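Lettering of chains follows the sequences in order, A, B, ..., and the numbering in each one begins at 1. Quick caveat, the model's predicted, so the values are computed rather than measured.
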Amino acid sequence: MENSRQLNPAFFQRSPLDIAPELLGCLLVRELDGVRLAGRIVEVEAYMGEEDAASHAYRGETARNRAMFGPPGHGYVYLIYGIHHCLNVVCGPVGLARAVLIRALEPLAGIEVMRERRGQENMRALCSGPGKLCQALGIDRALDGHDLLGGSALWLEPGVVPGDAICTSPRVGVRGDEAAINAPWRFFLSGNPDVSRTPLNRSQRNS
DNA sequence: GTCAAGATTAGT
DNA sequence: CTAATCTTGACG
């Protein structure tokens, strides 16, 4: 058995490249209508702000991405394609728009509610994708800028550090320059069935 | 005001 | 491979 992460402000006051793989195994908890929904993080991606052509913050601060420039440990939630919401954890320091996108969860609690919210009959791939997990947990822009260390509505909790191998690959669906497209900044638990399905899953293994 | 594009997903 | 669906940001 390994140690739990310390999810204090200092934890998020570092580079997303260090934080992202360490968020694997941590819990994302949502309290919705008095019900506790929770999942274990199994897939994430790091975004490096102004230095990253794939980041929403590449061209500076706007009304939409403002939360990314704010305090670490808070959420950045955006709507994509007019349909899906996606959740990021903002990383420090304040002023640098760095963040980690939560891409997939292994459902742990409130699974029936998640299934209903997703309008899905089976329980597979319930939270396997950034848009899916937000739908399952009822996450939308109302939670943009929310403190994810506050222990209310939506928060992160330490989990057991996974013994599974951590794989990396380029990020899914990004545009930008070659560096952004090729950067191996997606991190996921090797072989975990709740990781989103993509050809990139066959890529490099490390960590 | 107008317009193109988007860190996705489900279905053909 | 493509449609769905609508907010945002850039530009005039």
Side-chain angles (χ1 to χ4, degrees), chain A residues 12 15-17 19-21 23-24 28 39 41-70 72 74-91 96-107 114-146 148 154 156 167-188 193-201 203:
Chain A
F12 295 99
S15 168
L17 297 179
I19 296 171
L23 281 177
L24 296 174
L28 181 66
I41 299 171
V42 298
E43 177 183 349
V44 295
E45 282 175 358
Y47 286 84
M48 296 296 280
E50 298 89 334
E51 307 162 23
D52 181 357
S55 171
H56 290 166
Y58 186 53
R59 292 180 172 79
E61 181 175 340
T62 65
R64 174 217 211 186
N65 66 24
R66 185 147 300 140
M68 262 200 293
F69 290 80
H74 287 226
Y76 162 50
V77 181
Y78 65 89
L79 177 66
I80 188 65
Y81 296 110
I83 306 172
H84 310 286
H85 291 274
C86 295
L87 170 69
N88 292 251
V89 183
V90 175
C91 302
L96 290 189
R98 298 176 167 175
V100 175
L101 171 69
I102 309 298
R103 285 196 57 90
L105 303 176
E106 178 182 317
M114 294 185 194
R115 194 180 53 69
E116 286 173 29
R117 291 193 53 81
R118 296 255 307 119
Q120 194 175 307
E121 298 189 357
N122 58 56
M123 301 196 307
R124 286 205 301 240
L126 218 46
C127 299
S128 302
K132 294 179 180 181
L133 72 90
C134 282
Q135 183 181 30
L137 299 193
I139 296 169
D140 61 23
R141 290 223 79 196
L143 288 165
D144 187 44
H146 180 78
L148 298 177
L154 178 68
L156 292 164
C167 289
T168 66
S169 82
R171 294 169 295 181
V172 178
V174 301
R175 313 288 170 187
D177 53 30
E178 291 255 324
I181 291 169
N182 296 327
W185 292 346
R186 170 171 176 257
F187 304 84
F188 57 102
D194 289 297
V195 168
S196 66
R197 286 183 107 277
T198 154
L200 297 172
N201 288 355
S203 303

Inset, instruction - Both distances under 3.5 Å, Watson-Crick or G-U wobble: report the partner of dC11(C), or none. - result: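 dG1(B) is the nucleotide pairing with dC11(C).
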Inset, instruction - Scan every strand shown for a Watson-Crick or G-U wobble partner of dT5(C), both distances under 3.5 Å, and answer none if you come up empty. - result: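 Checking every strand shown, dT5(C) finds no partner, since no pair has both distances under 3.5 Å.
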Please tell me which of the listed nucleotides, [options], lies nearest to the side chain of [X]?
X: K132(A); options: dA10(B), dT7(C), dT8(C); value: dA10(B)
X: I83(A); options: dG6(B), dT5(C), dG9(C); value: dT5(C)
X: I80(A); options: dG6(B), dT7(C), dT9(B); value: dG6(B)
X: S55(A); options: dT7(C), dA7(B), dT9(B); value: dA7(B)

Inset, instruction - For the residue pair E50(A) and S55(A), confirm or rule out a side-chain donor-acceptor distance under 3.5 Å. - result: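 No pair is found: no donor N or O on one side chain lies under 3.5 Å from an acceptor on the other.
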Legend entry - Between R115(A) and Q120(A), a side-chain donor and acceptor under 3.5 Å: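 No donor-acceptor contact under 3.5 Å links the two side chains.
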Inset, instruction - Taking the six-membered ring for Trp and the single ring otherwise, decide whether the centroids of Y78(A) and H85(A) are under 6.0 Å apart. - result: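 Ring centroids of Y78(A) and H85(A) are no less than 6.0 Å from each other.
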Legend entry - Same-atom distance (P) from dT5(C) to dT2(B), integer angstrom: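 Nearest-Å result for dT5(C) against dT2(B) at atom P: 23 Å.
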Starting at atom [atom1] of [X], determine the distance to atom [atom2] of [N], rounded to an integer number of angstrom.
X: R186(A); N: dT8(B); atom1: CZ; atom2: P; value: 11 Å
X: Y81(A); N: dA4(B); atom1: OH; atom2: C1'; value: 12 Å
X: R175(A); N: dT8(C); atom1: CZ; atom2: C1'; value: 18 Å
X: R103(A); N: dT8(B); atom1: CZ; atom2: C1'; value: 8 Å
X: E61(A); N: dT8(C); atom1: CD; atom2: P; value: 15 Å
X: I181(A); N: dA7(B); atom1: CD1; atom2: C1'; value: 12 Å
X: Q120(A); N: dT9(B); atom1: CD; atom2: C1'; value: 12 Å
X: R66(A); N: dT8(C); atom1: CZ; atom2: P; value: 12 Å

Inset, instruction - Just call it for R197(A): base, sugar-phosphate, or nothing, with non-hydrogen atoms closer than 4.0 Å on any strand. - result: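 R197(A): no heavy atom of the nucleic acid under 4.0 Å.
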Inset, instruction - Tell me what R171(A) touches on the nucleic acid: a base, only sugar-phosphate, or nothing, going by heavy atoms under 4.0 Å. - result: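 Touches nothing.
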Legend entry - Closest-nucleotide ordering on DNA chain B, the 5'-leading residue of R118(A) and V174(A):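 Closest to the 5' end, via its nearest nucleotide, is V174(A).
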Legend entry - H146(A) side chain to L154(A) backbone, donor-acceptor under 3.5 Å: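 Present.
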Inset, instruction - Flag as yes if Y47(A) stacks onto the base of dA7(B) (centroids under 5.5 Å, planes under 30°), otherwise no. - result: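 Taking the rule of under 5.5 Å and under 30°, the ring of Y47(A) does stack on dA7(B).
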Legend entry - Taking every non-hydrogen atom, the tightest pair across M114(A) and P107(A):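 Shortest heavy-atom separation between M114(A) and P107(A) comes out as SD-CB, 4.0 Å.
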Legend entry - Residue mapping more 5' on DNA chain C - nearest nucleotide basis, H84(A) or T62(A):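 Taking each residue's closest nucleotide, the earlier one in sequence belongs to H84(A).
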